[in-house]
Amino acid sequence: MKKLLENWKKYLLSEKLMLKPGTNGWDLYGKLVAEAYKNAPSYDPEAVSSFEALGPFTDKMFKQIQSRVDIQFVDYDPYPSEVEMCQDAMQNGVLKIWTGGTEHPIFDTELNAKMRAVHDYMTHCQRDTDFTLPGEIAAFNGHMKTVPEAAREALFTEVVGQAAYFINYGKFPEQKIVILKGFDKYNVGSVDGYDIINKELVEK
C-alpha cells in the first residue's frame, strides 16, 4: 500500500480521455450522467455491496495519507479551488476537508469524510486534476485502478455521478446508493445508445 501511494503518478498518467471538450463531447456526457443520477432511486438494495466494498480500502488509504498530511475536518468549504487545496496539501502538509453534505445511507459521517480526503489527495493533488468534469473523469480513472473490483460501480456513482450532477445543476446532490447503468466504467465516455465518432457522442 505504501509503495502504491508513493508511485501514484507513475502508475496512472497513461489514461487517455475518450471524449473532447464541447457540446457533443464531455458536456453531453455530463448531462447524461447528471440526468441518470437525478432520476435514479435514492436506494437500490442491489448496489449496497458495491458501496460496502469501498470502506476497507478507504480506511487503509486514509491512514497512509494521514501519516504524511495533517487532515483537518471542517464545517465550511475551505478552498476556492483545487489549486489552493493542493498547494496547502503539497506545500504546507495540511488538507482541510468539508464535512457538510455527508449524510450517507451506507457510510457514516467519518467514513464519508475520509473518502473525500482520499479522493482529493490521491486523485486531485497527486495527479494534478481539477474539478471540471474531465478532471473528475481523470481522477476517477486513476482512483478506479486501486479499489476492489466490487467497489468500482459505487466509485463511479460517488465521483462521476455526483460531479456531473453538481456541474449541471449547480448544487451538491443527495448521496444515493445506486448503480448508474448504461455507462461504461472502464472506458469512461462510452454510453449505451451512442457511438463515439471523432471523440464526440453521436446517438445511434
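All values reported here derive from a predicted model rather than from experimental measurement. Values below: all heavy atoms of this structure, side chains included; hydrogens, waters and symmetry mates excluded.
The environment of CG in Asn198 is sparse: at most 12 heavy-atom neighbours from other residues, nucleotides or ligands sit within 6.0 Å. Counting heavy-atom neighbours within 6.0 Å of Glu110 CD, excluding the residue itself, gives a total of 12 or less. Other residues, nucleotides and ligands place more than 12 heavy atoms under 6.0 Å from the NZ atom of Lys185. In this structure, Lys20 places its NZ atom where more than 12 heavy-atom neighbours from other residues, nucleotides or ligands lie under 6.0 Å away.
Atoms CD and CG, from Gln126 and Asp120 in turn, are 12.0 Å apart once rounded to the nearest 0.5 Å. With rounding to the nearest 0.5 Å, the separation of CZ in Arg152 from CZ in Phe140 is 8.5 Å. Distance check: Asn92 CG to Cys86 SG gives 12.0 Å after rounding to the nearest 0.5 Å. Atom NZ of Lys31 sits about 12.0 Å away from atom CG of Leu133, to the nearest 0.5 Å. Expressed to the nearest 0.5 Å, how far CH2 of Trp98 lies from CG of Asp77 amounts to 7.0 Å.
A donor and an acceptor atom, one from each side chain of Glu136 and His143, are nowhere located under 3.5 Å apart.
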Please tabulate, for side-chain N and O atoms in residues 39-52, each donor-acceptor pair with protein atoms closer than 3.5 Å (sequence neighbours left out).
{"unit_1": "Asn39", "atom_1": "ND2", "unit_2": "Glu35", "atom_2": "O", "d": "3.1"}
{"unit_1": "Ser42", "atom_1": "OG", "unit_2": "Glu174", "atom_2": "OE1", "d": "3.4"}
{"unit_1": "Ser42", "atom_1": "OG", "unit_2": "Glu174", "atom_2": "OE2", "d": "2.6"}
{"unit_1": "Asp44", "atom_1": "OD1", "unit_2": "Glu46", "atom_2": "N", "d": "3.0"}
{"unit_1": "Ser50", "atom_1": "OG", "unit_2": "Ala150", "atom_2": "O", "d": "2.7"}
{"unit_1": "Ser50", "atom_1": "OG", "unit_2": "Ala154", "atom_2": "N", "d": "3.0"}

Donor-acceptor contacts, no H, no angles, side chain residues 156-168, under 3.5 Å, sequence neighbours left out:
{"unit_1": "Thr157", "atom_1": "OG1", "unit_2": "Glu153", "atom_2": "O", "d": "3.4"}
{"unit_1": "Thr157", "atom_1": "OG1", "unit_2": "Val178", "atom_2": "O", "d": "2.8"}
{"unit_1": "Glu158", "atom_1": "OE2", "unit_2": "His104", "atom_2": "NE2", "d": "3.0"}
{"unit_1": "Glu158", "atom_1": "OE2", "unit_2": "Gln162", "atom_2": "NE2", "d": "3.4"}
{"unit_1": "Asn168", "atom_1": "ND2", "unit_2": "Gly30", "atom_2": "O", "d": "3.3"}
{"unit_1": "Asn168", "atom_1": "ND2", "unit_2": "Ala164", "atom_2": "O", "d": "2.9"}

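When hydrophobic clusters are built by joining Ile, Leu, Val, Met, Phe, Trp and Tyr residues whose side-chain heavy atoms come closer than 4.5 Å, directly or via intermediates, Met122 is not grouped with Val83. Hydrophobic clustering, with ILVMFWY side chains joined whenever heavy atoms are under 4.5 angstrom apart, keeps Ile197 apart from Leu28. Both Tyr186 and Leu180 are members of a single hydrophobic cluster when ILVMFWY side chains are connected at heavy-atom separations under 4.5 Å. No continuous path of ILVMFWY side-chain contacts below 4.5 Å connects Phe57 to Ile179, so the two sit in separate hydrophobic clusters. Neither Val118 nor Val74 shares a network with the other; the hydrophobic side chains, linked directly or stepwise wherever heavy atoms of I, L, V, M, F, W or Y lie under 4.5 Å apart, form separate groups for each.
Between Ile196 and Leu201 there is a side-chain heavy-atom pair separated by less than 4.5 Å. Between Tyr194 and Leu32 the shortest side-chain heavy-atom distance falls below 4.5 Å. For the pair Glu82 and Thr132, the minimum side-chain heavy-atom distance is 4.5 Å or more. Looking at heavy atoms from C-beta onward, Tyr29 lies in side-chain contact with Phe183 at the 4.5 angstrom threshold. The side-chain heavy atoms of Phe107 and Lys114, taken from C-beta on, include no pair separated by under 4.5 Å. Looking at heavy atoms from C-beta onward, Val147 lies in side-chain contact with Leu54 at the 4.5 angstrom threshold.
Between Phe131 and Met85 the shortest heavy-atom distance is CZ-CE, 3.7 Å. The heavy-atom pair separating Cys125 from Met90 by the smallest distance is CB-SD, 3.9 Å. The two residues Gly135 and His124 make their nearest non-hydrogen contact at O-CE1, 4.5 Å. Of all heavy-atom pairs spanning Ile97 and Ala117, the tightest one is CD1-CA, 3.6 Å. Between Pro105 and Ile177, the shortest heavy-atom distance links the atoms CB-CG1, 3.5 Å. Nearest heavy-atom pair across Phe73 and Thr99 is CB-CG2, 3.6 Å.
In this structure a side-chain-to-backbone donor-acceptor pair under 3.5 Å is present from Lys176 to Tyr37. Looking only at distances, no side-chain donor or acceptor of Asn187 sits under 3.5 Å from a matching main-chain atom of Ser190.
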With side-chain contact (heavy atoms from CB on, under 4.5 Å) as the criterion, how do Tyr121 and Ile71 come out once you've worked through the C-alpha distance, each side chain's angles and the decisive distance to 0.1 Å?
CA-CA 10 Å; Tyr121 184 78; Ile71 300 174; over 6 Å; no
Assess whether side-chain contact (heavy atoms from CB on, under 4.5 Å) is satisfied between Met144 and Val188, documenting all intermediate values. CA-CA 11 Å; Met144 186 185 72; Val188 180; 5.8 Å; no
Starting from the C-alpha separation in whole Å, work towards a yes-or-no answer on side-chain contact (heavy atoms from CB on, under 4.5 Å) for His119 and Thr58. CA-CA 9 Å; His119 177 74; Thr58 298; over 6 Å; no
